[in-house]
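Reading through the structure tokens given below for one structure.
Computation of the quantities below employed the complete heavy-atom set of this structure, encompassing side-chain atoms and omitting hydrogens, waters and symmetry-equivalent molecules. Numbers restart at 1 for each chain; the letters A, B, ... are given by sequence-line order, proteins then strands.
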Amino acid sequence: MALHVFNSLGRKREEFQPLHEGFVGMYVCGPTVYDHAHIGHAKSYVSFDVIVRYLRYLGYQVRYVQNITDVGHLTDDADEGEDKIVRRASTQRLEPMELVETYTRSYFEDMDALGNVRPDISPRASGHIPEQIELIKELIDKGFAYEVNGSVYFSVEKFPEYGMLSGRRIEELVEGARVEVNPEKRNPADFALWKRAEPAHILRWNSPWGWGFPGWHLECSAMGSKYLGQPFDIHGGGLENQFPHHESEIAQSQAAHGEPLARYWLHNNMVTVGGQKMGKSLGNAIFLKDLFRRYDPLVVRYFILNSHYRSPLDFTDEALSAAERGLARLHNSVRALRRALGRGSDGPVSPEVQRTVDEARAAFSSAMDDDFNTAAALAALFDLARAANTFLSAGGFTGADVEALERAFRELGGAVLGIVPDELPDEAVAGLEEDLIHLLIELRREFRANRQWQEADAIRDRLAALGVQLEDKPEGTTYRLEAAL
RNA sequence: GGCGACGUCGCCAAGUGGCAAGGCAGGGGUCUGCAAAACCCCCAUCGCCGGUUCAAAUCCGGCCGUCGCCUCCA
């Protein structure tokens, strides 16, 4: 089966056909860096990370662009409000760019921890002011935009398709508008391309319309087409940005260039906390840096992938704890395989193992081909884990058997889903700690040989209390670090 | 008020016309000095009502409930 994706543009599943054979250009709306990343960011960027990884697994050369919004994102969308960055910077008495730098680094730190591959280009809005000004000029020249008092607005009436993505009509927007109408706008639904800024405004640039700063929607249009051309293949982002952000991107870009901005629009669903919407303004945001103190980032990643990217996801302790144990199961199986590497007999892969691996790969691919159904793909990995465990405990496997199984986990669970690292936690322990654990295991072995069960159990219990879980097996005692997972 | 999504086992979650994946938890076994891990077995007719169909969790209508967008947010 070929890859099918759910295109928000048209709201249906379509076969994915790249514009250029073998190449995919993908743009995902990045964060506005005025605070630390929260679990909403995690869901969004893990989802799109897996999409990028899977496209690469399929053999596409992907150019992944994800912007950093460091200017122009106002605190409300009536095109009034303050710039989020500026407001936060003045509160903290920082240069805006200083604030931006801090949170940009924090963002990448968290995304790295989650195992997301870095975008190929992370363009900043503030570094693309000339491109944005050019775009505005083009829109004015073509009659889609107008200037008032040093601000420029996009005229939605000039673009009849406005609403094509979100399924809204301009009239409805105007009627339902709860925000105060900006008197400068000809139509209340018009949106700002450029906002005039007074001298007191510290983040501003000179333009043909005087000093000011670009509107939020503009950056994605300018940077997306700059690095990926227009149209490009995939535009991703959060569902809440479908309107007005993405709708406005489409309008600007298509009005200016006469071509659609992107062919496939993918939207991930939202995160709730204990059943309630999470919002920075609601004060119930869970920051990743806090969450990572309680759960390994890979557990969070696994938890996210256990549901579909287009489904909402509710964060609860109970669900995360279950995810923790589920991921451990997968890791245990991979660990066992890796310990068995090189221990099998000579010979080719047995037909039975080959068939098991083939089936797992087929199930995995057909799940991922179906609009990136990671939950079903995970089920294929769990089936593989069970089979692998059975093969290992049955014995009589060849080295090639173990390699084939391990490779499947490394590629599907590792390269594609990113939840099976090349080095699992307990394999990373080294040095003094490792020597001490082995010393205790050796002592315990002697107690056991003398049937001094109390002493042996005490060692095991106390190690367990420290997060080191011992496991007695026919071939000897091994350990697992539970705290690390 | 307008638009949209969803409601599947105790919990999480796949499944969009043909006998309901997977994970966690639970019960019963095997292995083990005991554990742990692992393996085997057991554990749901899909919010409610009505309709279409040989056949519906899957399609249509109504109702109830939850969530989201329409205002900053991934």
Side-chain angles (χ1 to χ4, degrees), chain A residues 11 13 28-32 34-35 37-48 73-78 81-82 84 163 166-169 171-173 175-180 216 236-245 267-272 275-282 285 302-303 306-308 310-314 316 318-330 332-333 335-336 363 367 370 373-383 385-386 388-390 392-394 448 451 453-454 456-457 460-461 464 469-474 477-480 482:
Chain A
R11 291 184 198 183
R13 213 165 288 222
V28 172
C29 286
T32 301
Y34 67 106
D35 205 343
H38 52 63
I39 56 178
H41 295 102
K43 175 164 164 65
S44 184
Y45 298 124
V46 165
S47 298
F48 288 112
H73 204 157
L74 302 180
T75 51
D76 76 58
D77 203 52
E82 291 175 89
K84 290 182 167 190
S166 54
R168 294 167 202 278
R169 288 193 306 276
E171 314 84 72
E172 287 172 356
L173 294 173
E175 288 164 13
R178 287 194 206 163
V179 290
E180 275 187 46
W216 173 41
L239 195 58
E240 82 290 348
N241 277 335
Q242 199 171 60
F243 183 90
H245 184 53
H267 287 97
N268 67 278
N269 216 315
M270 315 284 289
V271 154
T272 53
Q276 290 305 307
K277 167 194 164 107
M278 185 196 75
K280 289 175 194 170
S281 48
L282 298 181
Y302 166 84
F303 175 62
N306 191 225
S307 77
H308 192 91
R310 283 192 293 108
S311 302
L313 183 60
D314 190 38
T316 61
E318 193 182 10
L320 277 163
S321 299
E324 193 165 51
R325 289 185 285 268
L327 181 60
R329 176 178 170 77
L330 233 35
N332 284 341
S333 190
R335 252 187 220 107
D370 185 13
N373 190 337
T374 51
L378 278 172
L381 286 189
F382 276 105
D383 289 341
R386 169 170 286 117
N389 291 337
T390 302
L392 285 180
S393 56
R448 293 180 73 210
R451 308 182 68 80
W453 308 125
Q454 274 197 328
D457 290 351
R460 185 176 61 200
D461 292 346
Q469 179 66 54
L470 296 187
E471 295 179 358
D472 297 327
K473 298 180 180 165
T477 298
T478 61
Y479 67 90
R480 245 175 341 112
E482 293 204 314

Length of the [atom1]-[atom2] vector between [X] and [N], whole Å:
X: A:E324; N: B:rA25; atom1: CD; atom2: P; result: 11 Å
X: A:K473; N: B:rA38; atom1: NZ; atom2: P; result: 9 Å
X: A:F382; N: B:rA38; atom1: CZ; atom2: C1'; result: 14 Å
X: A:E240; N: B:rG68; atom1: CD; atom2: P; result: 12 Å
X: A:D314; N: B:rA5; atom1: CG; atom2: P; result: 21 Å
X: A:M270; N: B:rG4; atom1: CE; atom2: C1'; result: 13 Å

>> As an exercise, state the distance from NE2 of A:H308 to CG of A:L313, rounded to the nearest 0.5 Å.
In response: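 Between atom NE2 of A:H308 and atom CG of A:L313 there are 12.5 Å.
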
> Atom OH in A:Y479, atom CD in A:E471: separation rounded to 0.5 Å?
Replying inline: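 Going from the OH atom of A:Y479 to the CD atom of A:E471 covers 12.0 Å.
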
Checking all strands, does [X] fall into the base, sugar-phosphate, or nothing category for heavy-atom contacts under 4.0 angstrom?
X: A:L470; result: base
X: A:R451; result: nothing
X: A:T478; result: nothing
X: A:V271; result: base
X: A:F48; result: nothing
X: A:G238; result: sugar-phosphate
X: A:Q242; result: nothing
X: A:E318; result: sugar-phosphate
X: A:D472; result: base

> Can you say whether the rings of A:W216 and A:H245 are parallel (under 30°), tilted (30 to 60°) or perpendicular (over 60°)?
Replying inline: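 Aromatic pair A:W216/A:H245 classed parallel.
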
Using the [atom1] atom as the reference point in each nucleotide, state the distance between [N] and [M] in Å, no decimals.
N: B:rA57; M: B:rG15; atom1: C1'; result: 9 Å
N: B:rC9; M: B:rA14; atom1: C1'; result: 14 Å
N: B:rC46; M: B:rU8; atom1: P; result: 11 Å
N: B:rU66; M: B:rA56; atom1: C1'; result: 24 Å
N: B:rA55; M: B:rC42; atom1: C1'; result: 29 Å
N: B:rC43; M: B:rG28; atom1: P; result: 15 Å
N: B:rA13; M: B:rC19; atom1: P; result: 24 Å
N: B:rG2; M: B:rC11; atom1: P; result: 33 Å

> Stepwise, does the side chain to side chain contact (heavy atoms under 4.5 Å, CB included) test hold for A:R448 with A:D472?
Replying inline: CA-CA 11 Å; A:R448 293 180 73 210; A:D472 297 327; 3.4 Å; yes

Considering only side-chain heavy atoms of [X], which listed nucleotide, [options], is closest?
X: A:K277; options: B:rA36, B:rC12, B:rC69; answer: B:rC69
X: A:S44; options: B:rA74, B:rC67, B:rA37; answer: B:rA74
X: A:S307; options: B:rA36, B:rA74, B:rA13; answer: B:rA13
X: A:R448; options: B:rG4, B:rC34, B:rA14; answer: B:rC34
X: A:N241; options: B:rG33, B:rA74, B:rC39; answer: B:rA74
X: A:A319; options: B:rC69, B:rA38, B:rC12; answer: B:rC12
X: A:H41; options: B:rG68, B:rA14, B:rA74; answer: B:rA74

> Is there aromatic stacking of A:W453 against B:rG33, centre distance under 5.5 Å, plane angle under 30°?
Replying inline: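 Yes, A:W453 stacks on the base of B:rG33, since the ring centres sit under 5.5 Å apart and the planes are within 30°.
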
> Which residues pass the ring pair (Phe, Tyr, Trp, His ring centres under 6.0 Å) test with A:F303, sequence neighbours left out?
Replying inline: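 Testing A:F303 for ring pair (Phe, Tyr, Trp, His ring centres under 6.0 Å), a comparison that skips the adjacent residues, returns A:F315.
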
> A:F48: what forms a ring pair (Phe, Tyr, Trp, His ring centres under 6.0 Å) with it, not counting sequence neighbours?
Replying inline: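 Expected list: none.
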
Pull out every protein N or O sitting under 3.5 Å from an N or O of nucleotides 16-21 of chain B, one pair per line with the distance.
none

>> Given the structure, check if the side chain of A:D457 and the base of B:rG33 hold any donor-acceptor pair shorter than 3.5 Å.
In response: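 Looking at the base of B:rG33, it does pair with a donor or acceptor on the side chain of A:D457 (distance under 3.5 Å).
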
>> If you go through the side-chain atoms of A:R325, does one of them form a donor-acceptor pair with the base of B:rG23 closer than 3.5 Å?
In response: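 Such a pair does not exist between side chain and base.
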
> By side-chain contact (heavy atoms from CB on, under 4.5 Å), which residues pair with A:S393, not counting sequence neighbours?
Replying inline: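 In terms of side-chain contact (heavy atoms from CB on, under 4.5 Å), with neighbours along the sequence ignored, A:S393 is linked to no residue.
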
> Is it true that a side-chain atom of A:N389 and a backbone atom of A:A385 form a donor plus acceptor pair closer than 3.5 Å?
Replying inline: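 Yes: the side chain of A:N389 pairs with the backbone of A:A385.
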
>> Using a 3.5 Å distance criterion without hydrogens, assess whether the side chain of A:D370 forms a donor-acceptor pair with backbone atoms of A:N373.
In response: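 Pair absent, no side-chain N/O of A:D370 close to backbone of A:N373.
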
> Toward the 5' end of RNA chain B, which comes first, A:F303 or A:N332, by nearest nucleotide?
Replying inline: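 This one resolves to A:F303.
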
>> Which is more 5' along RNA chain B, the nucleotide nearest A:R310 or the one nearest A:N268? Just name the residue.
In response: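 Looking at the nearest nucleotide for each, A:R310 comes out on the 5' side.
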
Can you tabulate the close N/O pairs, meaning under 3.5 Å, that link protein atoms to atoms of nucleotides 26-31 of chain B?
none

Tabulate atom names and distances for all N/O pairs under 3.5 angstrom spanning the protein and nucleotides 40-44 of chain B.
from, atom 1, to, atom 2, distance (Å)
B:rC40, OP2, A:R386, NE, 3.0

>> Side chains of A:S311 and A:N269 only: does a donor on one sit below 3.5 Å from an acceptor on the other?
In response: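 Distance-only check fails for A:S311 and A:N269.
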
